[in-house]
Amino acid sequence: MSTWRIARLIAAKDLRIELRSRVVTNQVLPFAALVMVMFAFALDNDAVLTRVAPGLVWLATMFSMLVLVQRTFAVESADGALDALQVAGVRPGGIFLGKSLALAVELAVLEVVLLIAAVVLYQADVAGSGVVLLVATFVAATTGLAFVGTLYGGLAAGAKGRETLLPLLMLPVVAPVLIGATRATEAAFGTNGATSSEGWPWVGLLVLFAALFGLGGTLAFGSLIDE
Amino acid sequence: MEPVVHLAGVVAVLGGFPVLAGADLRVERGEILLLRGPNGAGKTSLLRLCAGLLPVERGDATVLGCDLAADRTAVRNRVGLLGHANGLYADLSVADNVAFWGATVGASAEEVAASLDRMGLSGRLAPVPVSRLSAGQRRRTALACLVARRAELWLLDEPHAGLDAAGRDDLDATLRDAAAAGATVMVASHELERAGALATRVVEIVGGQVRE
Amino acid sequence: MTPTPTPSPGRTAVARPTGTRFTRVLGAAVILGMAWLVLFGLFLSPNDEKQKAGVRILYIHVPTAWLAYLAFIVTGISSAAYLVKRTRSLTWDRIAGASAEIGVLFMGITLVTGSLWGRISWGIFWTWDSRLTTTAFLFVTYIGYLAVRNLGGTHQQRARRSAIIALLAVLEVPLVHFSVKWWRPLHQQESVAEGKLSGLMLFSLFVGLIAFTLLYVWLLLHRQRVLAMEDALDDQGLDVALAERRAEGAQV
Amino acid sequence: MFAVMSTSDQTPYVIASYVITLGGIGLYVWRLLARARKIAPQVREEDRPWT
């Protein structure tokens with residue numbers, strides 16, 4: 001079984017579980033939208049909201065991602081499936097890429113909702129040329145976040161009492177994504193005069209981040225979930 | 001002929017406690033071995049160790065020719081383990097679960113269908129999500145996944161628990177067929193009269209050690 | 001192989017549990033160095049004409065920062081050494097753990113003295129310049145590393161898991177550094193102020209670096225030996241538990 | 001560029017930084033040696049190769 005076939009198999013399984021259980025659509029998406037509304041209450045000044053809209057979108061993404069990662073590994077450890085996957089001799093790199101792929105799809109859906117919320121609630125608008133930059137930023141950032149979430153989520157799923165470890169381990173690591181994605185999104189939105197050309201170096205950083213953690217995760221995942 | 005399982009003075013630790021304290025065991029191909037012993041004697045840990053899930057702290061352990069002390073991941077895809085947990089995805093249907101676990105080891109669609117059939121699950125139960133099954137039906141589904149695995153070494157922990165009479169007959173028949181087909185089976189169980197009739201050899205596990 | 005039940009060691013206190021002649025000499029040197037540092041740093045060296053007394057904080061802030069970074073480099077190297085099959089040994093894991101703990105201590109002190117220096121030099125406790133932010137990031141990351149270190153499992157599992165988290169942290173540092181550097185360039189004042197120390201001031205900084213490096217080595221030796229004793233205690237506990245477990249088996 | 005702060009105002013901060021640094025390290029060293037003294041008697045001689 002090649003790693004890619006395993007990855008596709010596991011991603012399909014994860015997404016089918018999501019379609020059946022509807023946890024992301026019924027719980028996580030409303031949570032993310034609610035977070036955006038709470039930001040609006042907290043900041044309650046339209047000029048400020050529009051200016052910080054990119055930052056808020058990515059902050060809401062980070063918090064929602066914690067919930068998604070905990071959910072995707074709760075599904076595995078609920079009935080000992082993670083052990084069964086290991087006993088099945090499935091290549092850990094395949095499990096890592098598969099779960100990352102499924103997490104990336106769920107994150108993408110979440111980010112579309114958050115973007116719509118930003119446009120509606122915060123009057124953010126995308127300058128014409130910014131759309132390409134926006135899509136590139138979201139794809140690169142989502143990939144990086146999915147890899148990091150799966151990697152540290154796997155470690156946290158290992159044994160009891162580790163859930164609290166996930167935010168401590170993961171949030172510092174995604175700091176570059178938070179900075180890079182926000183700056184690139186600001187360039188795409190044209191916030192305070194940022195031109196879209198300023199965004200592309202940040203996209204480069206996001207791609208590098210995703211590549212490093214994609215490779216690092218595939219190599220390290222097996223040891224981290226081994227209990 | 002090289003034994004399927006060869007343990008010599010194996011020590012395994014869980015949370016600082018030596019669950020296995022110098023276990024010695026030899027199991028030949030085609031045997032159905034029954035592991036008897038009180039709770040906490042180390043039956044479950046022995047099975048998990050043979051499946052490569054528990055690290056060997058001291059001693060030597062060779063399963064299907066793989067030295068577990070050196071690399072305990074090599075043996076895994078040739079072993080099937082049914083522990084207390086069923087290893088099923090509650091949101092997925094019976095058929096989806098068995099298909100998934102079969103696919104992880106490259107079983108064909110026919111083999112998956114045969115496994116479902118074997119455990120009497122190919123009827124109206126197939127599309128039902130596992131979350132809505134009874135404990136016995138979940139056990140049957142987990143067993144169907146094990147059948148679909150076509151492992152060389154079957155490790156079962158209290159497999160009869162929760163099964164009705166028909167279920168137990170299916171289980172015994174499945175294990176006999178597997179042994180006949182050249183697989184090796186190790187069953188940890190309290191139910192002596194049931195498992196006793198099935199087993200070709202019985203060993204006792206007490207205080208993390210094996211007694212013939 | 002049945003372990004002989006270990007003769008229970010007498011309760012006599014051990015004079016120098018982790019000390020040796022070398023660490024005693026090193027300890028004396030560290031104390032001497034610190035005394036010199038305080039003497040020069042606080043009293044003998046002059047005020048800087050621009051920073052005035054503020055420069056005195058640098059004599060400890062800069063060395064602790066340097067040593068914190070050195071500690072994490074040592075953790076990274078020993079984690080890699082553990083993962084390489086040929087050089088795998090638990091000693092590397094213990095060095096990584098000891099160095100990370102010392103690194104977190106130094107990093108915490110660096111952040112505090114850094115903000116004190118910031119307060120009297122620029123009037124604000126914290127600025128988001130790339131060096132300070134990377135420092136704060138490393139501080140949180142290695143607190144996470146220490147949390148991962150005591151997640152249980154056998155010593156080998158602990159060592160493997162910690163080594164991987166340490167290498168991932170090393171992978172992470174340049175990413176954070178560049179993303180912050182592009183975001184907020186280095187604070188001009190701080191780099192300028194440090195650049196032009198001279199005379200007794202430079203000497204004080206030099207004494208600080210020496211004293212803290214010796215201190216780091218002294219701490220690493222002792223901390224690593226305490227970890228070695230704790231691991232030995234676990235193994236010893238295992239022998240005792242094994243003996244009890246076997247006795248339990250024998251009675252039935 | 002530099003905040004206008006008299007030397008005398010700066011002194012408490014300077015003293016504080018030295019006290020925090022040396023105090024923090026002193027505390028850590030004391031706790032470390034206390035831990036060493038506590039567990040050393042229980043450890044067998046051959047497990048302390050450095051002695």
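Every heavy atom of this structure was used, including side-chain atoms; hydrogens, water molecules and symmetry mates were not.
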(request) Heavy atoms only: give me the nearest L20(B)-L242(C) pair and the separation to one decimal. (result) O-CD2, 4.3 Å

(request) Taking only Lys NZ, Arg NE, NH1 and NH2, and the carboxylate oxygens of Asp or Glu, determine whether R58(B) and D235(C) approach each other closer than 4.0 Å. (result) no

(message) Within the supplied structure, the quantity of interest is the number of heavy atoms (other residues, nucleotides, ligands) at a distance under 6.0 Å from R201(B) CZ; does it exceed 12?
(response) yes

(message) If I measure from the heavy atoms of chain C, does A8(B) come under 4.5 Å with its side chain, its backbone, both, or neither?
(response) neither

(message) For R138(B), is the CZ atom crowded, meaning more than 12 foreign heavy atoms sit under 6.0 Å from it?
(response) yes

(request) Give a yes or no on whether the backbone of V19(B) and the side-chain of R245(C) come within a donor-acceptor separation of less than 3.5 Å. (result) yes

(message) Is it true that, when you exclude W218(C) itself, more than 12 heavy atoms of the residues, nucleotides or ligands shown sit nearer than 6.0 Å to its CH2?
(response) yes

(request) Would you mind reporting whether Q157(C) and P55(B) have side-chain heavy atoms less than 4.5 Å apart? (result) yes

(message) If you count every heavy atom of other residues, nucleotides or ligands that lies below 6.0 Å from F178(C) atom CZ, does the total exceed 12?
(response) no

